Amino acid sequence: MTRFIGGRAALITALLCAASYPTDAFTPTSRHWNSRSVRTPSTTSPFSRTVATTTTTTTSSTQRNASNSNTIHPLKKGSTVALVTPFTPSGSIDIPALRSLLQFHVQSSTDGICILGTTGEASLLSMEERKMVLDVCVEEVKGIIPILCGTGTIDPKQVREMTLQAIDCGCDASLVVTPPYIKPPQRGLVRHFMDMADLGLPVVVYNVPGRTAVDISPETIGIVAEHEMIVGVKEATGDLTRVERIRKVEQEQRQMGKIHSDRSPLLLYSGDDSTEAEFVLKGGDGCISVTANVAPREMHDMMMAALDRKAEEAMRINEMLKDVHKDIFCESNPIPAKWALKRMNKIPNAYCRPPLMELDEKYHTVVEAALAKARLI
């Protein structure tokens, strides 16, 4: 499936034009576009109307330089890394270190790159800095590893702005968290995710009630799954029963004709490192992992074993990584992950932007021991 060229205005024009053609006029080749027509932005959505009436045609530097930046590549099953954003000691983005990390993941068979999430300290980055990260990621891995970009926050207007930026830069999908702190009702979550999916970029719904104080229910996930641009869910509850419950609701929606029978099932990703192997063995599709920052090859191998139902092998790798899963959260994420990467000589320093700080010295031996047990150092 080719991406829409020419920035936001051209995207909306393409969406509107698509509405005049029957679904079978499109013959996409990627798995997660199979039998999905492009949906016209909802006429009841104020966000869709604003995009259609206020945006202008733009051409980003990435679109000029990256020959494949206008192609949407399908997300994959397996291990997606929740990538850190490396900084210099003065706090600016360390572009060479970021490029090096991306190539580390290419060489390690990482199945997906998730940038600008919590682990990437996205809430502490400006829109200009976000674009820097986006452009570098597209330049380094576009077409090699699918790029998932975090675009969630409290205000839907900001989510829309960040999602449109991700579209312009060439991302393959957006990761949209349930709006934190304000505790919207389930019907508000439905509208929020539907509105963001109307923008035209595939969406992975992110459920992490431990951070947001709101839990999107499996039943609500079933409703939003009716939108052809909502392609996956990141479940960071640690509740392994969610896999079966979401699959059941999704199947019920199919039986009622609310989800087209030819559409691929939602990709279910675990966001809880300690239970990711079990999550996939119970029917999930992969993980979006902090551990994968330091153990990308091992996480890929573990996910592949679990997907192949080689439970013994998956759990063997998981046991080796057990202390990493635990101790990489000994302080707030991504503080320990950055220190671990520095200890492994993958980034020059472990700087985190305030109010975060570098890892407390009392945890250095803890994280080092976990890395050594996993044979990462």
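Please read all numbers here as calculations on a predicted model, not as lab measurements.
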Point to revise | Stacked cation flag K234 on Y269, 6.0 angstrom / 45 deg | key: no
Review point. Is the NZ or CZ atom of K338 positioned over Y351's six-membered ring, under 6.0 angstrom from the centre and within 45° of the axis?
Key: no
For the hydrophobic clusters of this structure (ILVMFWY residues joined by side-chain heavy atoms under 4.5 Å, transitively), does one cluster hold both [X] and [Y]?
X: I145; Y: L116; value: yes
X: L101; Y: I335; value: yes
X: L124; Y: V290; value: no
X: F104; Y: I144; value: no
X: I115; Y: I95; value: yes

Return yes if some donor-acceptor pair links the side-chain N/O of [X] with the main-chain N/O of [Y] below 3.5 Å, else return no.
X: S270; Y: D272; answer: yes
X: K282; Y: T241; answer: no
X: R130; Y: M162; answer: no
X: H300; Y: S109; answer: yes
X: R375; Y: A372; answer: no
X: N349; Y: F87; answer: yes
X: D308; Y: K310; answer: no
X: T237; Y: D239; answer: yes
X: D172; Y: H73; answer: yes
X: S100; Y: P96; answer: no

Between [X] and [Y], is any side-chain donor less than 3.5 angstrom from a side-chain acceptor?
X: T291; Y: H325; answer: yes
X: N293; Y: H105; answer: no
X: T178; Y: T212; answer: yes
X: T110; Y: S108; answer: no
X: D94; Y: T88; answer: no
X: T220; Y: Q186; answer: yes

**Study point:** Stepwise side-chain contact (heavy atoms from CB on, under 4.5 Å) test for D111 and M304
**Key:** CA-CA 10 Å; D111 302 290; M304 293 301 106; 3.9 Å; yes
Study note, to complete from the structure: Which of L102, L148, T80 passes side chain to side chain contact (heavy atoms under 4.5 Å, CB included) with I113? It is L102
Review point. Per the side chain to side chain contact (heavy atoms under 4.5 Å, CB included) rule, which among L281, L268, D285, V233 passes with V243?
Key: L268
Within-4.5 Å side-chain heavy-atom neighbours: [X] and [Y]:
X: E121; Y: P334; answer: yes
X: I93; Y: E129; answer: yes
X: R297; Y: D301; answer: yes
X: V176; Y: H192; answer: yes
X: N207; Y: R242; answer: yes
X: E298; Y: L321; answer: yes
X: S123; Y: T153; answer: no
X: V367; Y: R343; answer: no

Which atom names give the shortest non-hydrogen contact between [X] and [Y], and what distance separates them?
X: M303; Y: V280; result: SD-CG2, 3.6 Å
X: A197; Y: V203; result: CA-CG2, 3.9 Å
X: I154; Y: P180; result: CG1-O, 3.3 Å
X: V249; Y: G222; result: CG1-CA, 3.5 Å
X: A314; Y: A305; result: N-CB, 3.8 Å
X: A173; Y: L75; result: CB-CD1, 3.9 Å

Check your understanding: In this structure, which one of E331, E368, H364 forms a side chain to side chain donor-acceptor pair (under 3.5 Å) with W339?
Key -> H364
Gap between atom [atom2] of [Y] and atom [atom1] of [X] - 0.5 Å precision:
X: I230; Y: L266; atom1: CD1; atom2: CG; answer: 8.5 Å
X: I288; Y: L175; atom1: CD1; atom2: CG; answer: 5.5 Å
X: K258; Y: I223; atom1: NZ; atom2: CD1; answer: 7.5 Å
X: I216; Y: E235; atom1: CD1; atom2: CD; answer: 9.0 Å

Exercise for review: Could you please spell out the steps behind the side-chain hydrogen bond (donor to acceptor under 3.5 Å, both in side chains) verdict for S289 and D273?
Suggested key: CA-CA 6 Å; S289 166; D273 278 290; 2.5 Å; yes
Practice item. Output, in order, the C-alpha distance, side-chain angles, deciding distance and verdict of side-chain contact (heavy atoms from CB on, under 4.5 Å) for E128 and K131. Key: CA-CA 5 Å; E128 292 75 16; K131 187 177 185 304; 5.8 Å; no
Exercise for review: Would you please test M196 and S174 for side-chain contact (heavy atoms from CB on, under 4.5 Å) and show each step?
Suggested key: CA-CA 9 Å; M196 298 313 144; S174 62; over 6 Å; no
Exercise for review: Mark yes when over 12 heavy atoms from residues, nucleotides or ligands other than Q255 sit less than 6.0 Å from its CD; otherwise mark no.
Suggested key: yes
Check your understanding: Passes salt bridge (Lys or Arg N to Asp or Glu O under 4.0 Å), E319 versus K322? Steps please.
Key -> CA-CA 5 Å; E319 180 65 24; K322 183 171 67 174; 3.2 Å; yes
**Study point:** Non-neighbouring partners of E250 that pass salt bridge (charged side-chain N to carboxylate O under 4.0 Å, His left out), sequence neighbours left out
**Key:** R247, R254
Review point. For E358, which residues count as a salt bridge (charged side-chain N to carboxylate O under 4.0 Å, His left out) partner, sequence neighbours excluded?
Key: none
Exercise for review: Please test D198 against M229 for side-chain contact (heavy atoms from CB on, under 4.5 Å), starting from the C-alpha separation and ending with a verdict.
Suggested key: CA-CA 8 Å; D198 277 344; M229 301 304 291; over 6 Å; no
Exercise for review: Please assess E139 against R99 for the test salt bridge (Lys or Arg N to Asp or Glu O under 4.0 Å), listing each intermediate value before the final yes or no.
Suggested key: CA-CA 9 Å; E139 289 167 9; R99 293 188 188 278; 2.9 Å; yes
Practice item. Just do the salt bridge (Lys or Arg N to Asp or Glu O under 4.0 Å) check on D327 and K373 with the steps written out, would you? Key: CA-CA 12 Å; D327 294 331; K373 181 180 178 181; over 6 Å; no
